[in-house]
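See structure below.
In listed order, ligands and their atoms are each counted from 1. One-based numbering along the sequence shown.
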Amino acid sequence: MSIRTLDDLLAEGVSGRRVLVRADLNVPLDKQTGDITDDGRIRAVLPTLGALVEAGAKVVVCSHLGRPKGTPDPQFSLRPVAGRLGELLGAPVHFAEDTVGDSARSTVAGLADGQVALLENLRFNAGETSKDEAERGAFADQLAAFGDAYVDDAFGAVHRKHASVYDVPARLPHVAGRLVLREVEVLSKLTGSPERPYVVVLGGSKVSDKLAVIEALLPTVDRLLIGGGMCFTFLKAQGLEVGTSLLEKDMVETCRNLLERSDGKIMLPVDVVAADAFAPDAAHDTVRVDGIPSHRLGLDIGPETVAGFAAALSQAKTIFWNGPMGVFEMAPFAAGTRGVAEAITKADAFSVVGGGDSAAAVRALGLDESSFGHISTGGGASLEYLEGKSLPGIAALEN
Ligand code: 3PG
Ligand code: MG
C-alpha cells in the first residue's frame with residue numbers, strides 16, 4: 001500500500017498554504033516545576049516542521065499532552081512546549097490558548113508564510129478521544145478547517161483512533177511526515193526478516209501491557225530478556241516468592257503458560273536489588289531471586305543478571321529494547337537499565353530503542369544516542385507495530 005509523503009506535498013508546492021501537522025509533543029514535565037524534562041519528541045519533529053517553514057507554508061501544529069479528561073486542565077497546557085519549540089526552530093511559535101476556538105481561529109488566520117502556530121492540547125476537547133464517531137467527526141471538522149493539507153508526524157500516537165490521528169486525514173489531502181516514515185521504515189525491518197540472532201529486551205512495570213507483544217514476538221525472536229517490574233510476575237510463575245515486589249496476581253497463570261511455551265527463549269533475572277521501600281534512600285541489597293526477603297521489594301535487576309543479559313546481547317545482530325530494567329530515576333536502582341543499555345550500544349547489532357520511557361532513560365543516563373541504531377518516539381505505538389496490528393493513524397494515511 002502506498003502512502004504519500006512530505007516530499008510529495010513539498011513537490012506540489014506549499015508556499016502560502018496552511019498545513020496542519022499532527023505531532024506527538026507529549027513530553028515529560030517535572031511535577032514540581034512544570035519544566036520539560038526531556039525534549040526528544042520536540043526535536044524529533046523538527047525535520048518535518050523545518051522543511052515546511054522553509055517552503056513557506058503556514059504551519060499549524062497540534063498535539064496532545066498527558067491525559068486530560070476532555071476539558072481544559074492547566075497542568076497539561078502545551079504552552080511550555082511552544083516556547084521550547086520556538087527555541088529549537090529559531091523562530092517564535094504562535095501559541096493558541098484553545099484548540100479550535102476563537103484564539104485558535106485568530107492565531108491561524110494571522111499566520112504569515114513560513115510561520116508556525118501551536119494549538120492548545122487536543123485532549124482539552126472531548127471529541128478528540130471520543131468513541132462516538134459523530135462526536136469525533138465534529139471535532140475533526142473543526143480541526144480540518146485549519147489546514148489545506150494534513151501531515152501526520154505523530155508516530156507516538158498512530159495507534160490511537162483519535163480525531164486528529166484518524167478522522168482529520170479523511171477530510172484533507174494527507175501525507176506522512178519524516179518522523180513517521182523513518183519509524184515505519186525501521187520497525188518494518190524488525191517485522192520483516194531481522195538478521196539473527198534477534199534479541200528483545202522488555203522491561204517496565206506491567207506484564208499486562210506487554211502480553212500481546214510477548215505473544216507476538218515469541219515465535220520470531222531468538223531470545224527474550226525480561227527485567228523491570230514485570231519480571232516479578234514471571235518469577236512468581238516459576239514458584240518463587242517475590243516479597244512486596246510489584247506483582248500482577250491475575251497474570252501469574254498466563255506467565256506460567258508463556259514460560260512453558262517459550263522453548264527456553266525467555267531469560268529472567270537470577271538476582272535483583274531488593275529494598276525496604278520505594279525510595280532512593282531505602283536500605284537495599286542484591287539478593288538471589290530465590291532469596292527475596294518477604295518485607296522487601298525488587299527495584300532493579302542485579303549485576304549477575306546484567307552480565308547474563310549482556311552476554312546474550314553481545315551475540316545479537318538485531319536488538320529491540322522497550323522498558324527500563326529498574327527504577328532508573330533513583331540512582332541506587334539505575335545500574336540495571338544502564339548496564340543493559342550499555343551492552344546494547346556495544347553489541348555489533350542493529351538496535352532499536354522503543355518507547356518514550358526507554359528513550360528518556362537513554363538520555364537521562366547520559367548515554368550517547370547515536371550509538372543506538374534508532375530511538376523510537378513511540379512506546380505503545382512501536383509495541384503495537386511489532387504485534388502486527390493495523391494502526392489507525394497509518395491506515396488513515398493509506399486511504
Ligand atoms: C505516548 O506517550 O505513548 C504517546 O504520546 C501516546 O499517549 P497516550 O498513551 O496517552 O495515548
Ligand atoms: Mg503511552
Side-chain angles (χ1 to χ4, degrees), residues 21-31 36-45 48 61-73 75-78 80-81 84-85 99 118-131 136 139-140 143 151-168 177 179-180 182-184 187 202-206 208-213 228 320-324 329 352-364 374-387 389-396:
V21 180
R22 173 51 157 113
D24 180 356
L25 305 178
N26 182 22
V27 291
L29 301 177
D30 184 283
K31 281 193 188 68
I36 297 165
T37 54
D38 181 61
D39 65 2
R41 280 181 165 166
I42 307 178
R43 286 186 283 123
V45 292
T48 290
V61 184
C62 62
S63 175
H64 71 286
L65 183 121
R67 291 181 176 171
K69 301 270 171 285
T71 182
D73 182 345
Q75 62 171 318
F76 296 116
S77 174
L78 277 166
V81 172
R84 184 76 190 115
L85 179 58
T99 320
L118 175 64
L119 307 178
E120 184 53 288
N121 197 333
L122 290 159
R123 293 186 185 172
F124 285 1
N125 306 268
E128 169 66 0
T129 60
S130 178
K131 300 246 183 302
R136 260 198 351 259
F139 181 58
L143 277 174
V151 177
D152 186 358
D153 219 20
F155 180 73
V158 290
H159 59 316
R160 300 293 182 217
K161 193 174 177 180
H162 292 169
S164 64
V165 176
Y166 184 73
D167 305 276
V168 174
L179 176 64
V180 163
R182 165 97 183 116
E183 295 263 17
V184 168
L187 290 170
L202 292 178
S205 47
K206 285 172 140 188
S208 44
D209 285 351
K210 304 280 157 75
L211 191 63
V213 79
F320 176 75
W321 170 37
N322 176 291
E329 300 90 337
V352 178
V353 182
D357 291 347
S358 337
V362 163
R363 291 184 284 261
H374 177 71
I375 300 186
S376 175
T377 54
S382 61
L383 290 176
E384 290 197 20
Y385 189 96
L386 292 188
E387 277 165 41
K389 276 196 187 163
S390 157
L391 304 175
I394 304 290

*Do ligand 1 and Arg41 have nitrogen or oxygen atoms that lie under 3.5 Å from each other?*
yes

_Contact check: Arg67 vs ligand 1, nitrogen or oxygen atoms, below 3.5 angstrom_ = yes

_For Ser164, all residues meeting side-chain hydrogen bond (donor to acceptor under 3.5 Å, both in side chains), sequence neighbours excluded_ = Arg22, Glu128

*asked:* Tell me every residue that passes side chain to side chain contact (heavy atoms under 4.5 Å, CB included) with Ala140, counting only those two or more places apart in sequence or in another chain.
replied: Ala163, Asp167, Val168, Arg171

*If you count the atoms of ligand 1 from 1 in the order shown, which ones are under 4.0 Å from a heavy atom of Asp24?*
4 (C), 5 (O)

*Can His64 be said to touch ligand 1, with heavy atoms closer than 4.0 Å?*
yes

*Quick one: which of Pro28, Ala154, Gly156, Gly66 has a heavy atom closest to atom 6 (C) of ligand 1?*
Gly156

*Output yes when a side-chain donor or acceptor of Glu183 lies under 3.5 Å from a complementary backbone atom of Thr377, and no otherwise.*
yes

*Output yes when a side-chain donor or acceptor of Asn322 lies under 3.5 Å from a complementary backbone atom of Gly354, and no otherwise.*
yes

*Is there a donor-acceptor pair under 3.5 Å between the side chain of Glu120 and the backbone N or O of Leu78?*
yes

*So which heavy atom on Pro68 is nearest to which on Asp73, and how close?*
CB-CB, 4.3 Å

*Which of the atoms of ligand 1 are close to Arg160, meaning less than 4.0 Å from one of its heavy atoms?*
8 (P), 9 (O), 11 (O)

*Please identify which atoms of ligand 1 are closer than 4.0 Å to at least one heavy atom of Asn26.*
1 (C), 2 (O), 4 (C), 5 (O), 7 (O)

